[in-house]
Amino acid sequence: MRVKSIVNLSHNFYHSASSFSTDSLPNPKISPRTSIAAIFKSFKRKLAAGRLPSTPRSFKSSAETCAALLRRCSCSPRLLAGLALHGHAVKRGISSDRSVFTKLLSMYGECGHRDDRDRIFAEFAGSDIFSCNFMMADFARSGDIDAACSLFDKMPCRNVISWTIIVDELMKRGRISDAVEYFEGCPCHTVVSFTAMINGFSRNGMIFDGLLLFRGMIRIGLMPNEVTFTCVIAGCGGSGEFGLAMSVVGMIVKTSFDQNLSVCNSLITLYIRMGDAGMARKVFDEMPERDVVSWTALLDLCFESGDLKEARRVFEDMPVRNEVSWSTMIARYSQSGEDLEALRLFNLMLQHDSKPNVSSFACVISASSSLENLMHGAGVHSHVIKFGYEHDVFVASSLIYMYSKCKKSDDARQIFDSLLIKNIVCWNSMVGGYSYDGKMEEAMHLFKQLVRKNASSWNAMISGFVHNELYGNALEIFDAMLGSGEAPNRMTLSSVLMACANLPSLERGRNLHAKTLKLGISNEVIIGTALIDMYAKSGDIGSARRAFSMMPEKNEVSWTTMVRGLADSGLAEESLALFDDMRRENVIPSESVFLSILFACSHRRLVQKGFHYFDSMERVYGIAPKERHYTAMVDLLSRAGLLREAEEFISKMPVAPESSTWAALLSGCVTHGNGEIGERAAKMVMELEKEKTGGYVLLSNMYASAGRWRDVAEVRRLMREAGLKKGGGCSWIQIRAAFHAFYSWDSNHPRALEIYDVLELLVPEMGTFYDADTY
DNA sequence: GTAGGGTTAG
């Protein structure tokens, strides 16, 4: 109310010069410790003592003082002081002084009173180019590019700065053709307007257009400055145009800009992206001066070289840190799997009074998502609220993802619903969140409401179905995606290939392989790896091998997938040989690759070799064997008939045996006919797995093979009493688009009678089969 | 101490 009345009145004061005193304002209760309060008091004292010049002669110095004070009011927003100054300015007739007026605009804007600011602008602005540019820049900064453009169009005269503001903002929003149109309309260019345009191109992935403009600028005689060079180097580095970057580096050296701080900073990052750690370090070492950006770039260099210890040392020795250096530490520790340390760093950041920004929050929320620890996640959430970022779409999307990963998609939904402005990323996070939490119906419901879907929206659904092992649905929604005209990307294809890998649908997989070739993504690691997995699981190990050998770049997952594919296909020797290749290539084995290796050894009864690999896990690679590895070892011993050793191995395990550990032993006992150990093992299986049939079936098989029919009947009785029924084994075939599944003596198929007739013709002894599994 | 272009993270 107060603000409005002053603003409404101010116009009249300006013209009628009626009496208005700062004393008529409520006395602002400002802490005397703050400098602005002190200045304001001194100003009021001077005013009261009549020491401030008020005659037209000293108009200028009065305006200067007022402008300087107003500036303080917008730097650390002080509305009351600002209002008083506004009143004073009106009274003295200096409120339309250019410097006072722009400060007033800034003060109202910074204090959150944009309506009032816009009103005084409308009343006073007239044709002043300065205040128009100021307002245009502010409209643009706050996201209202249309308001900025309409002001631009209304301005009676403009300068190059007016054009630059518009061009830069249009480029930042990706409106390239509009930006070009305005840029071409500008009658006289400067190095700044050119740089804005060049950088706009490069940020929109059009580095060649940027470089053409860069050349054009030099041709018309405008010399690039340090900002131009910084932008061009960053653009070349970001788009991987290292050859072009080097020719620009030549110019930089010739013009001695290689001594400039910002140019050197961008050069460090360029060399890191080129993979030239030596040159990056050399630039850093030879810089005449360094700032927080240089040190943060060096930090990044350490992480890129995989040297966490050195990074930590650099971080601790840095003369200055800012929120970017903290975010770098948090993000990189999280990427290295050190999520707990990332969270610790975030707390340290708060203790150091560093104010987290959107990116710091995004990093630390992502770290708590990886930990799937609700306590940590909710702790970070409380800081989000404390710092007022809960309505930021970027932060909210990370929170939605974090809660969903912690299986709290209802809490995620609350955040989603509380957002007044939602972008597509929030929608996709929520769809993905439901998928991750296994709530595919809710995911689908939300997905259907999403009017403007992008590739990520479709990917969230597809990977959700895959994650929940609903592979058929994944393929269905993929078909719908293709039907909608949305182009699939690498994420889509890798998910769909994963679905195919788990369905008996090799033909579909081959089609997808062709699609990856068409999209030009077949050479990418993630796609190559998905292809290996799909072919291996579909039984086409030859194609899996080819996909593996054709990969130009392999990572640890690609190797692991191929080793596992071979092992699962019964090619134990080849699998072990590939594992040795993998170690020769210095690829660090994961715990999951050891599982495949132990499996391969087990199938070939390679007891010694198995123990060799098992021992090397901890000794050589520092990987503590998990329950699954111990189970694999029990399986290895049991299959080889070393049942007593297997039982002893279980008793010495440092982790508690799982039901499958005992099942492996029991299975060995069935094969090798050891009833004594078998009974003990069976008892353990049934105890650990009360609702499952595995233990009963194995035990009954063991009795059956020993001819102990009375015991077989007893086990069946026990099973019935426990209310358990064994599910039958199932085979299926695909004919065109349809799957046909068959159980033992299954009569559900519509053409069952014909099938069995044909079968009896082909395999006469089928008719004599007795179904031993039917209880 | 009146308005425009930038480097480091995500």
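Chain naming here is simple, since letters A, B, ... match the order of the sequence lines and numbering starts at 1 in each.
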What does [X] touch in the nucleic acid at a heavy-atom separation under 4.0 angstrom: a base, only the sugar-phosphate, or nothing?
X        : result
A:Arg203 : sugar-phosphate
A:Asn357 : base
A:Thr269 : sugar-phosphate
A:Asp291 : nothing
A:Val100 : nothing
A:Thr190 : base
A:Ala362 : nothing
A:Gln335 : sugar-phosphate

So is [X] actually on top of [Y]'s ring, under 6.0 Å and inside 45° of the axis?
X        : Y        : answer
A:Arg114 : A:Tyr108 : no
A:Arg273 : A:Phe242 : no
A:Lys355 : A:Phe387 : no

Are [X] and [Y] linked by a side-chain donor-acceptor pair shorter than 3.5 Å?
X        : Y        : answer
A:Ser325 : A:Asn322 : yes
A:Asn428 : A:Asn459 : no
A:Asn133 : A:Asn159 : yes

Parallel, tilted or perpendicular: which fits the ring planes of A:Phe229 and A:Phe257, with parallel below 30° and perpendicular above 60°?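 A:Phe229 vs A:Phe257 ring planes: tilted.
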
Is there a donor and acceptor pair closer than 3.5 Å between the side chain of [X] and the base of [N]?
X        : N     : value
A:Asn225 : B:dG5 : yes
A:Asp300 : B:dA9 : no
A:Thr230 : B:dG5 : no

Taking [atom1] from [X] and [atom2] from [N], how many angstroms apart are they, rounded to a whole number?
X        : N      : atom1 : atom2 : result
A:Ile161 : B:dG4  : CD1   : C1'   : 6 Å
A:Asp168 : B:dG4  : CG    : P     : 10 Å
A:Arg273 : B:dG10 : CZ    : P     : 10 Å
A:Asp392 : B:dG10 : CG    : C1'   : 12 Å
A:Met217 : B:dG5  : CE    : P     : 15 Å
A:Phe214 : B:dG5  : CZ    : P     : 19 Å
A:Lys103 : B:dT2  : NZ    : P     : 6 Å
A:Leu261 : B:dT7  : CG    : P     : 13 Å

Report yes if the ring of A:Phe130 lies under 5.5 Å from the six-membered base ring of B:dT2 with planes under 30°, and no otherwise.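 Yes, A:Phe130 stacks on the base of B:dT2.
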
What's the closest nucleotide to the side chain of [X] if the choices are [options]?
X        : options              : result
A:Ser193 : B:dG10, B:dT7, B:dG4 : B:dG4
A:Asn159 : B:dG4, B:dA3, B:dG10 : B:dA3
A:Ser359 : B:dG10, B:dG5, B:dG4 : B:dG10
A:Phe134 : B:dA3, B:dG4, B:dT2  : B:dA3

Near-ring test [Y]/[X], centroid separation under 6.0 angstrom:
X        : Y        : value
A:Trp326 : A:His352 : yes
A:Phe208 : A:Phe201 : no
A:Phe361 : A:His383 : no

Flag side-chain contact, heavy atom, 4.5 Å: A:Asp258 against A:Val249: no

Going by heavy atoms closer than 4.0 Å, what residues in residues 311-327 of chain A are next to DNA chain B? A:Val324, A:Ser327

Identify, residue by residue, the members of residues 241-252 of chain A with a heavy atom below 4.0 Å from DNA chain B, and return them in order of residue number, or none.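 By residue number: none to list.
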
A:Arg141 vs B:dG4: side-chain N/O to OP1/OP2 distance below 4.0 Å: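 For B:dG4, OP1 or OP2 has a side-chain N or O of A:Arg141 closer than 4.0 Å.
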
